[in-house]
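Sequential numbering from 1 along the given sequence is applied to the chain's residues.
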Amino acid sequence: MTTENRSEAQPERSTPTGGRLLAVSDLHISYQENRDLVEKLQPSHPGDWLLVAGDVAEITTSIEWALGLLAERFARVVWVPGNHELWTHPEDPVQLRGVARYEHLVERCRRLGVVTPEDPYPVWEGPGGPVRIAPLFLLYDYTFRAPGTTTKEASLAAAYESGIVCADERMLYPDPFPDRDSWCRERVRLTEKRLAACDPDVPLVLVNHYPLVRQPTEILWYPEFAQWCGTELTADWHTRFNTAAMIYGHLHIPRRTTYDGVPFTEVSLGYPREWRKRGLPDPLLREVFPQTAG
């Protein structure tokens, strides 16, 4: 699959009058408590859209179940892959790796009517619109390096020495690319070309599993983990392109920050051990545009 050849597979649809533009990420429904929460998610208006910023689950059938349920309830569901969806998990009957796994997930989403990074960017015509929703799939390239290191090799060595190593190193394969950073650079190239071709008069809502800038990772308890959280190649995208909002997950630190006047919202649920301690995000489905308090 190439973005250039397959990105026009789904026609754009109009937005019903009213509704809200909502977002969530890191549902991790392999945990029953989280699956129970997903079963209860409902729109408050027939025109509500839901942006899902990755890490729904690891097993293909679970990913399909959750996205299918949400697609039945919301006017539109937009999904981007997180690292967990891209794992080739030993318990998943689908043992595809790398690009082939991603392509398989895209095809399953299309059958469900879920928008993916390979489809036309839909335009939200609801309150505050129009804005163009741009689901992104970019990965990471180890340029958010561990403190005191200047190379990928040294950064990874520091992570292994500290014991803070992402499971991606065991289960997220880059096939047919030689490594994950090469796959990331190709995804950045393809996506940058698509964003540059968008009408600059229509603001963008950028949706990615990882933040486009490094600053959100600065509050991680384990700074070595930042190298699995994005790429420096996207550091200026929120200013280069006409960006109304940037939505991400992955860090499991739900909050809203602003960089160069652009609001960044982390919309994760996270693992039960995390939300039981601090409480569920309130609301769990964040209204991400137009910006509201909280």
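Between the side chain of His84 and the main chain of Asp26, no donor-acceptor pair closer than 3.5 Å is present. A donor-acceptor pair under 3.5 Å is absent between the side-chain atoms of Glu85 and the main chain of Ile63, judged by distance alone. Side-chain atoms of Thr191 never come within 3.5 Å of backbone atoms of Val188 as a donor-acceptor pair (strictly under, hydrogens ignored). A donor-acceptor contact shorter than 3.5 Å links the side chain of Arg180 to the backbone of Leu172. In terms of modelled atom types and a separation under 3.5 Å, the side chain of Thr151 and the main chain of Ala154 share a donor-acceptor contact. Listed for the Glu274 side chain is a donor-acceptor partner under 3.5 Å among the backbone atoms of Tyr271. Side chain of Asp48 to backbone of His45: a donor-acceptor contact under 3.5 angstrom is found. The backbone N or O of Arg145 lies less than 3.5 Å from no partner atom in the side chain of Thr149, so there is not a single donor-acceptor pair. Although no hydrogens or angles enter the test, the distance criterion places no donor-acceptor pair under 3.5 Å between the side chain of Asp175 and the main chain of Gly98. Looking only at distances, a side-chain donor or acceptor of Arg194 sits under 3.5 Å from a matching main-chain atom of Pro117.
Salt-bridge annotation for Arg255 and Glu266: absent, with no side-chain N of the basic residue lying under 4.0 Å from a carboxylate O of the acidic one. Salt bridge Arg185/Asp141: absent, no basic N to carboxylate O contact under 4.0 Å. Between Glu118 and Arg187, at least one side-chain N (NZ, or NE/NH1/NH2) sits under 4.0 Å from a carboxylate O, which counts as a salt bridge.
A donor and an acceptor atom, one from each side chain of Thr239 and Asp260, are nowhere located under 3.5 Å apart. A donor-acceptor contact closer than 3.5 angstrom links the side chains of Ser182 and Asp179. Neither side chain, Tyr160 nor Ser162, offers a donor N or O lying under 3.5 Å from an acceptor on the other. With no hydrogens or angles considered, no side-chain donor-acceptor pair links Arg97 and Thr88 at under 3.5 Å. For Gln227 and Ser155, the side-chain atoms include at least one donor-acceptor pair closer than 3.5 Å.
The shortest heavy-atom contact between Pro203 and Asp201 is CD-O, 3.5 Å. Listed here is the closest heavy atom pair of Pro216 and Leu251: O-CD1, 3.6 Å. Listed here is the closest heavy atom pair of Asn34 and Ile29: CB-CA, 4.2 Å. When all heavy atoms of Glu58 and Asp92 are compared, the closest pair comes out as O-OD2, 3.6 Å. Pairing each heavy atom of Pro135 with each of Val115, the nearest pair is CG-CG1, 4.4 Å. Between Thr231 and Leu139 the shortest heavy-atom distance is CG2-O, 4.5 Å.
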Discussion item. As a quick check of understanding, evaluate side chain to side chain contact (heavy atoms under 4.5 Å, CB included) for His28 and His252, giving each step before the final call.
Written reply: CA-CA 11 Å; His28 293 293; His252 294 197; 3.2 Å; yes
Discussion item. I'd like to know whether Phe137 forms a ring pair (Phe, Tyr, Trp, His ring centres under 6.0 Å) with Trp183, so could you lay out the CA-CA distance, the side-chain angles of the two residues, the decisive distance to 0.1 Å, and finally the verdict.
Written reply: CA-CA 10 Å; Phe137 168 41; Trp183 192 7; 5.5 Å; yes
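At a threshold of 4.5 Å between non-hydrogen side-chain atoms, the residues Pro127 and Phe289 do not count as touching. Using a 4.5 Å heavy-atom threshold, the side chains of Thr258 and Val262 count as separate. In this structure the side chain of Pro254 never reaches within 4.5 angstrom of the side chain of Val267, judged on heavy atoms. Contact check for Leu204 versus Val131: no side-chain heavy atoms found under the 4.5 Å cut-off.
Under a hydrophobic-cluster definition in which Ile, Leu, Val, Met, Phe, Trp and Tyr are linked whenever side-chain heavy atoms come within less than 4.5 Å, directly or via other members, Trp228 and Leu86 are assigned to the same cluster.
Residue Val52 is tested with Val77, Leu22, Val80 for a side-chain contact (heavy atoms from CB on, under 4.5 Å); the sole match is Val77.
Classification of the Tyr142-Tyr140 ring pair by plane angle, with boundaries at 30° and 60°, yields perpendicular.
When the shell of 6.0 Å around CD of Glu161 is examined, it contains 12 or fewer heavy atoms from other residues, nucleotides or ligands.
Cation-pi geometry between Arg101 and Trp87 is not satisfied (NZ or CZ under 6.0 Å from the ring centre, within 45° of the ring normal).
In this structure, Tyr248 has its ring center no closer than 6.0 Å to that of His209.
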